S.K.: 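Below is one structure. I have some questions about it.
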Amino acid sequence: MIKPIPDEAWVRKLLDWFDAGNRIMPWRNTKDPYKRWISEIMLQQTKVETVIPYYEKFMTCFPNIQALAAANEDDVLKQWEGLGYYSRARNLLKAARIMQEEHDGTFPESEKEALKLPGIGPYTAAAVLSMAYDMPLSSVDGNVMRVFSRIYALKENVLEPRAVKLVRTKLESMIPKDRPGDFNESMMELGAVVCLPNNPRCIDCPIQNSCQAKKSGLAQELPIRIKKNNKKILEKHVFVVWNKKKDALLLKRNPSKGLLGGMWVFPTQESLESKQGLVQENNKGYNNENKESEEETRLLTTMVMTRKIGKAKHIFSHQQWNMTIYEAEIDSSDIMGYQWIQLSEIEKLAFPEVYQKVLRSISLDSADS
DNA sequence: TACTCGTGGCG
DNA sequence: TCGCCAAGAGT
């Protein structure tokens with residue numbers, strides 16, 4: 001349970017601190033729900049400094065709901081390239097089209113309706129509605145959970161959904177009705193620049209006198225985060241298949257759901273095998289220099305002139321890819337699901353960071369030779 | 001509920 | 001180098 005509130009005056013002190021000076025962001029000091037919405041989606045699990053250039057570019061391309069709703073998914077994904085969590089971009093487009101068709105081209109003005117939109121959950125709905133429409137809703141993110149945990153010395157595991165609900169209910173009971181959006185932003189600002197995860201700067205904290213954690217020397221120990229980590233380590237074999245005659249690479253676009261959905265990717269061992277090696281002419285020109293593993297040898301039967309050109313590692317949230325990169329030519333014109341993409345067209349396509357690395361390694365090699 | 005979904009920075 | 005973390009949501 002939450003301990004009795006030591007001093008609810010901390011709410012006003014926090015707002016005063018926020019008013020006295022906060023970081024400049026292009027979406028701050030506006031109540032435009034579109035700008036608030038786009039920025040909140042981009043900020044999900046993403047640092048402010050990373051978001052700012054993406055936000056500026058996105059606003060230039062898609063300045064309002066109408067422009068976004070009319071856009072192609074490929075163009076939206078291209079703008080999102082490198083930001084990660086690509087379902088955010090696809091859901092953004094879906095939601096814009098729903099707003100256009102069912103909400104007169106505006107962001108809905110009720111929490112219930114906002115929560116129906118793809119990509120908008122409890123946090124984002126509360127953030128946009130409080131900042132754009134002054135609705136007294138608390139947007140609870142990682143910063144807020146940390147700040148709250150310390151102020152009240154909360155002993156709940158903040159990774160549990162019930163802890164988030166607990167905090168949200170408590171904060172909404174005391175949210176200043178005149179400035180709900182500023183209060184939400186000030187909590188996050190405090191978490192981002194003062195109440196840091198490691199080595200919190202309690203000396204600089206405007207509400208240190210109201211903080212239970214500081215009083216009991218627990219600031220560094222809170223919040224409590226108990227998580228089980230099941231990161232899987234996968235060995236990937238990535239093929240750079242280059243058709244010199246066409247001056248093209250063999251690539252495919254992922255289906256929209258799942259890992260790297262909608263993004264352009266290189267052939268890998270398992271993606272080829274899932275097609276059951278749909279190469280028309282197998283067992284031809286098989287280069288047996290590389291037969292370190294049986295899986296590799298099996299795949300190589302579909303390739304000719306295959307050679308190892310490097311290694312790379314990429315760490316996702318729950319996976320680690322240890323990649324071996326091969327250069328290959330293929331003795332067949334077509335592989336189901338894959339397309340030959342001319343080199344001049346590649347820069348127009350959206351690739352995830354993991355394959356941007358591969359692309360860069362290729363251009364380095366060709367520059368050397 | 002538990003798992004999935006990217007990327008970059010930091011100690 | 002490695003694990004952790006950061007303005008969450010979908011399934």
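First the proteins, then the strands, lettered A, B, ... as listed; each starts at 1. This is a predicted model, so every value here is computed, not measured.
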S.K.: Nearest-Å distance, CD (A:Gln320) to C1' (C:dG3)?
M.R.: 11 Å
S.K.: Can you tell me the distance, in whole Å, between the CZ atom of A:Arg36 and the P atom of C:dG8?
M.R.: 15 Å
S.K.: Each nucleotide in nucleotides 5-11 of chain B should get exactly one letter: B, S or -. Can you fill that in based on protein heavy atoms under 4.0 Å?
M.R.: BBBS---
S.K.: Between A:Arg146 (CZ) and C:dC4 (P), how many Å, whole number?
M.R.: 17 Å
S.K.: Charged N to carboxylate O under 4.0 angstrom, A:Glu189 versus A:Arg28?
M.R.: yes
S.K.: Heavy atoms within less than 4.0 Å of DNA chain C: which residues of residues 109-121 of chain A have one? Give them sorted by number.
M.R.: A:Leu117, A:Pro118, A:Gly119, A:Ile120, A:Gly121
S.K.: Distance check, P atoms only: C:dA9 and B:dG8, in whole angstrom units.
M.R.: 22 Å
S.K.: Sub-3.5 Å donor-acceptor pair from the side chain of A:Thr46 to the main-chain atoms of A:Gln44, do we have one?
M.R.: yes
S.K.: For A:Asp247, what residues pass the salt bridge (Lys or Arg N to Asp or Glu O under 4.0 Å) criterion, not counting sequence neighbours?
M.R.: none
S.K.: In whole angstrom, what separates A:Ile224's CD1 from C:dC5's P?
M.R.: 13 Å
S.K.: Should A:Arg179 and A:Glu185 count as an ion pair when the cut-off is N to O under 4.0 Å?
M.R.: no
S.K.: Do A:Phe239 and A:His237 have their ring centres less than 6.0 Å from each other?
M.R.: no
S.K.: Measure the distance from CD on A:Glu40 to C1' on C:dG8 and round it to the nearest whole Å.
M.R.: 11 Å
S.K.: List in chain and number order the residues that pass salt bridge (Lys or Arg N to Asp or Glu O under 4.0 Å) with A:Arg201, two or more places apart in sequence or in another chain; answer none if no residue qualifies.
M.R.: A:Asp204
S.K.: Figure out the NZ/C1' separation between A:Lys313 and C:dT1, and round it to whole Å.
M.R.: 7 Å
S.K.: Keeping to residues at least two apart or across chains, list the salt bridge (charged side-chain N to carboxylate O under 4.0 Å, His left out) pairs with something in residues 59-80 of chain A.
M.R.: A:Glu73-A:Arg253, A:Asp74-A:Arg253, A:Lys78-A:Glu81
S.K.: Does A:Arg307 reach the main-chain N or O of A:Glu327 with its side chain, forming a donor-acceptor pair under 3.5 Å?
M.R.: no
S.K.: For a quick check of understanding: with a heavy-atom distance under 4.0 Å over all strands, which category does A:Thr124 fall into, base, sugar-phosphate or nothing?
M.R.: sugar-phosphate
S.K.: Just the rounded figure in Å: distance from P of C:dG3 to CZ of A:Arg225.
M.R.: 17 Å
S.K.: Could I get the full list of ring-ring contact (aromatic ring centres under 6.0 Å, His included) partners for A:Tyr123, not counting sequence neighbours?
M.R.: none
S.K.: For A:Arg23, answer base if it contacts any base atom (sugar-phosphate contacts may also be present), sugar-phosphate if it contacts only those atoms, and nothing otherwise; contact means non-hydrogen atoms under 4.0 Å.
M.R.: base
S.K.: Counting the atoms with a prime plus P, OP1 and OP2 as sugar-phosphate, which does A:Met131 contact under 4.0 Å by heavy atoms, base, sugar-phosphate, or nothing?
M.R.: nothing
